[in-house]
Amino acid sequence: MWDQVWINARLATMRKDLGPYGAISDGALGIKDGRIAFAGPAAGLPGNPERLAARVHDAGGRWITPGLIDCHTHIVFAGDRAEEFEMRAGGARYEDIHRAGGGIQSTVRATRAADEDDLVRQSRPRLQALMAEGVTTIEIKSGYGLDIANETKMLRAARRLGEELGLRVTATFLGAHALPPEFSGRQSAYVAEVCERMMPAVAKAKLADAVDAFCEKIAFTPEETARVFSAAAANGLRVKLHADQLSDLGGAALAARFRALSADHLEYANEAGIAAMAAAGTVAVLLPGAFLMTREKKTPPVRAMRAHGVRMAVASDSNPGTSPARSLLAMLPLASALFGLTPEEALAGVTREAAHALGLADEAGTLETGKRADLCVWDLAHPRELAYWLGGTRPAEIHRSIG
Ligand code: DI6
Ligand code: FE
């Protein structure tokens, strides 16, 4: 006996083998013990719905999609940088703000000053805003603590929020995000600290599912990034990379060389790097919020990604500096209008492809038997509207496999 079944539904399963949106027009979906027990044409139901499940929902022709997945966020932090944003709008240069002690360092100061409860309290409403849009799985990075105590505090806060809110959280250790002030002028020593002390502590406490780094002129070099990635392998952790966001440092190829789950941003990635990503199965995570809010002009090489068969995910990059996003759905029309993704690619980017970017493709991202029962019911005439309306869309129903 199933727990619940939806009948009279249109399914956007997002299965690639089923054509556009993986659509099934006269569909039914059954769930049992937090897993999808059936997702297919109603004609294929193994019996009468009332006999099959304890609860029967008439979807009234509404669309059901997989629960949304935000596969790149820095959503746990303290304070905000609205004042800095206002200064930039008034003409101040990012570099000057940075030199005056602003930028990432101001969030590091605020995050270090907050205790774990305070971090949870400040981050909770941002997570709730995403959840109200149908987000059922989220990746959360550390990277504003930059020492053992504060990085583990951020990761514990991320885990706690997931448990408290009933949201799947995958946590990523981003110790190599910025150089903390106490290591000023000693960047190599900080990389050693990340690799030899912080990462083993995080791995031992099982606080992270993956390791990320910011490979950029203003952050860490490709060589330093490779050191971090080698340490990740030694600690049994998969990697992902902030790659080629502001300049082409060969980040895409570097990520591919370490079989990264994903390479993210990629505005300045070169074609050889894209080809290497395709060969390695590394997912491209596109972040139109950061592109928009930093007024970047160079768009990521989406055509080359398509031509080489690189999977494209879409995420919010929710962070206080470059993408103060409290919406994942808003990223769909932005990805479409700014980067040229089709509405179907944009929706796949926050479902199927985002699951691949987190190494969760067997568990989530499509409506398929055996996967987690994370799903959204939408009162829309067609799922393409998810990449059309800019703001204001909410699911009629959300079902979570946990919580
Ligand atoms: N790239 C980004 O866009 C963010 N981090 C990163 O590595 C910026 C984070 C911030 O400004 O606080
Ligand atoms: Fe980021």
Side-chain angles (χ1 to χ4, degrees), residues 70-85 87-88 92-112 122-123 126 138-146 150-151 154 158 170-180 194 210-222 224-225 228 239-247 249 251 255 260-269 283-296 298 300 313-325 328 331 334 354 357-358:
D70 196 346
C71 68
H72 179 143
T73 86
H74 312 246
I75 204 164
V76 168
F77 60 84
D80 67 71
R81 309 224 297 270
E83 196 180 332
E84 188 182 296
F85 182 72
M87 283 160 63
R88 280 194 281 144
R93 289 179 39 237
Y94 186 80
E95 290 83 347
D96 299 334
I97 292 169
H98 189 81
R99 267 185 231 107
I104 291 181
Q105 297 300 343
S106 86
T107 301
V108 171
R109 278 193 299 277
T111 302
R112 284 179 168 185
Q122 292 194 46
S123 305
R126 293 190 286 266
I138 188 172
E139 185 258 13
I140 303 178
K141 302 175 196 296
S142 66
Y144 294 119
L146 309 182
N150 287 296
E151 287 288 299
M154 286 187 73
T170 79
T172 301
F173 171 59
L174 178 55
H177 191 200
L179 188 66
V194 167
V211 169
D212 193 351
F214 188 18
C215 181
E216 195 57 64
K217 282 187 194 134
I218 58 165
F220 296 91
T221 66
E224 289 163 342
T225 301
V228 172
V239 298
K240 52 182 76 187
L241 187 63
H242 280 73
D244 306 325
Q245 178 185 5
L246 309 169
S247 59
L249 292 188
L261 285 166
S262 69
D264 305 34
H265 288 287
L266 296 171
E267 277 80 350
Y268 289 84
V283 179
V285 178
L286 305 178
L287 304 167
F291 174 93
L292 176 75
M293 299 303 279
T294 60
R295 308 184 196 189
E296 177 58 60
K298 188 159 168 31
V314 174
S316 71
D317 197 14
S318 183
N319 78 69
T322 57
S323 187
L328 178 62
M331 300 302 143
L334 294 183
L358 296 180

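Note that this is a predicted model, so its numbers are computed, not measured. Each ligand, and each atom within it, is numbered from 1 in the order the structure gives.
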Next on the checklist: Measuring from non-hydrogen atoms of I104 to any atom of ligand 1, is the shortest distance under 4.0 Å?
Outcome noted: yes
Checklist entry - Of the backbone atoms (N, CA, C, O) and the side-chain heavy atoms from C-beta on, which set of L287 has a member under 4.0 Å from an atom of ligand 1: side chain, backbone, both, or neither? => result neither
Checklist entry - Between the side chains of H242 and H72, does any donor sit under 3.5 Å from an acceptor? => result yes
Checklist entry - Do you see an N/O/S atom of D317, backbone or side chain, under 2.8 Å from the Fe ion (ligand 2)? => result yes
Checklist entry - Should L146 and R112 be marked as a side-chain contact (heavy atoms from CB on, under 4.5 Å) after you check the CA-CA gap, both sets of side-chain angles, and the distance that decides it? => result CA-CA 9 Å; L146 309 182; R112 284 179 168 185; 3.8 Å; yes
Checklist outcome for this item: heavy-atom search around atom 2 (C) of ligand 1 in the protein gives T322 OG1, 3.5 Å
Checklist entry - Heavy-atom distance to atom 5 (N) of ligand 1: which of H265, H177, E216, R81 wins? => result H177
Next on the checklist: So that I can check it, does any N, O or S atom in H72 come closer than 2.8 Å to the Fe ion (ligand 2)?
Outcome noted: yes
Next on the checklist: Considering non-hydrogen atoms of the protein only, which is the closest contact for atom 1 (N) of ligand 1, and what is the distance?
Outcome noted: Q245 OE1, 3.1 Å
Checklist entry - D317 heavy atoms, cut-off 4.0 Å: which ligand 1 atoms fall inside? => result 3 (O)
Next on the checklist: Using 0.5 Å steps for rounding, measure from the CG atom of L287 to the OG1 atom of T322.
Outcome noted: 8.5 Å
Checklist entry - Would H265 and D244 count as having a side-chain donor-acceptor pair, cut-off 3.5 Å? => result no
Item to check | Metal site angle (apex the Fe ion (ligand 2)), NE2 from H242 and NE2 from H74, 10 degrees | outcome: 100°
Checklist entry - At what distance, to the nearest 0.5 angstrom, does NZ of K240 lie from CG of L261? => result 6.0 Å
Checklist entry - Does the side chain of E296 come under 3.5 Å of the side chain of Y268 through a donor N or O and an acceptor N or O? => result yes
Checklist entry - Does a donor on one side chain sit under 3.5 Å from an acceptor on the other, for R126 and S123? => result yes
Checklist entry - To the nearest 0.1 Å, how far is atom 9 (C) of ligand 1 from its closest protein heavy atom, and which atom is that? => result Y144 OH, 3.3 Å
Checklist entry - Would E139 and K141 satisfy salt bridge (charged side-chain N to carboxylate O under 4.0 Å, His left out), going step by step from the backbone distance to the final call? => result CA-CA 7 Å; E139 185 258 13; K141 302 175 196 296; 2.8 Å; yes
Checklist entry - Under a 4.0 Å heavy-atom limit, does F77 contact ligand 1 with its side chain, its backbone, both, or neither? => result neither
